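For ligands, and for the atoms within them, numbers begin at 1 and follow the listed sequence. Since the model is a prediction, treat every value here as computed from it, not as a measurement.
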Amino acid sequence: MRRWPVLLVAGFLAACGGPQSALDPAGEGASLLHGLFGLMLWVCGGVYLLTLAFLAWAIRRSRKAAASAGGEGRLRAGLAIWTVLVVAGLSVLATASFAVDRALAAARGRDALEIRVTAHQWWWRVAYRDPASGDWIETANELHLPVGRAARLELIAGDVIHSFWIPNLSGKLDVIPGRRNLLDLTAEREGEYRGQCAEFCGLQHALMALDVRVSPPRDFAAWLAAQAAPAAEPGDAVLAHGRTLLEDGPCAACHTVRGTAARGQAGPDLTHVGGRRSIAAGTLPNNRGNLQGWIVDPDALKPGTLMPAMELAPDDADALARYLEWLR
Ligand code: CUA
């Protein structure tokens, strides 16, 4: 009978963690902002409770018809204390905001990993500057970061305004056509997180997610080296047929698979698509069935997507999906 308050509190607390929560910081910027949020919550919550207590006291006092002269004096003293408390509280908040702002700015200029993120309707193009060669290595819809190393993200819009936000790692920053916005972030805890476009950008704004993986520096370096490599040669006839379909069909007009004749630039780079956690910017788990479903009828899974449906015989669709799944 009396379970609903418990369920209500549990429901609220359930939102305090997980892979997409600003209340569970795993990055330098998110930690600073989380601390500031906590301070503001305590100061403002304290003022709110004091205000309510004062209100209750005032109501009770007004009911006592005979207010004494001594009461007036206490009221003045109370108001003076109250004024001091409010000024002190606001000063604490202003100072803390300034300090956090400076700390966020101080993260800049360190030896940072260069990453270029381009927001499109409705997916993310992600390119890493190879520290060794200086070349850009392109992937999509996933952000990999080495733990403890600063990263400088250059945010570019491919079409309309989007907003880049990984709540566990940092604050959000809008991605605006014609501008180059810089976001510095340092992940401090290994794990998998989720970013989400945070500015309405059209029909599939909600299905514009970014899978984030924070790993040890050595694992990250291995991953980046693997991403830099071109696609391997297919080992059997079905995979080879899948590659031929990709190269000779409409796929190649929009997608690149490095090491093949597919050099399109409109859509995500698919060179190592099989190794990603999800497809279509976090829309579906990455497996052969979903890849095939996506190829033959993307609009059914993500209405409004710019990816056109491919008319393929079942065997061809299967071979193409097998090839994409194999591209790791
Ligand atoms: Cu992109 Cu909302």
Original post:
Any salt bridge between R258 and E138, counting N to O under 4.0 Å?
Top reply: no
Just list the side-chain donor-acceptor pairs under 3.5 Å for residues 96-106, sequence neighbours left out, or say none.
unit_1	atom_1	unit_2	atom_2	d
S97	OG	L93	O	2.8

**OP:** Verify the cluster assignment for V212 and L173: are they in a single hydrophobic cluster under the rule of side-chain heavy atoms below 4.5 Å apart?
**Re:** yes
Subject >> Closer than 2.8 Å to atom 1 (Cu) of ligand 1 - protein N, O or S atoms, ordered by chain and residue number >> reply: H162 ND1, C197 SG, C201 SG, M208 SD
**OP:** Under the ring-ring contact (aromatic ring centres under 6.0 Å, His included) rule, what do F200 and H205 come out as? Steps first, then yes or no, please.
**Re:** CA-CA 6 Å; F200 182 73; H205 155 69; 5.8 Å; yes
Original post:
Would R189 and D24 pass as an ion pair if we require N to O under 4.0 Å?
Top reply: yes
Subject >> Over all atoms of both residues, closest heavy-atom pair of H241 and D316 >> reply: NE2-OD1, 2.8 Å
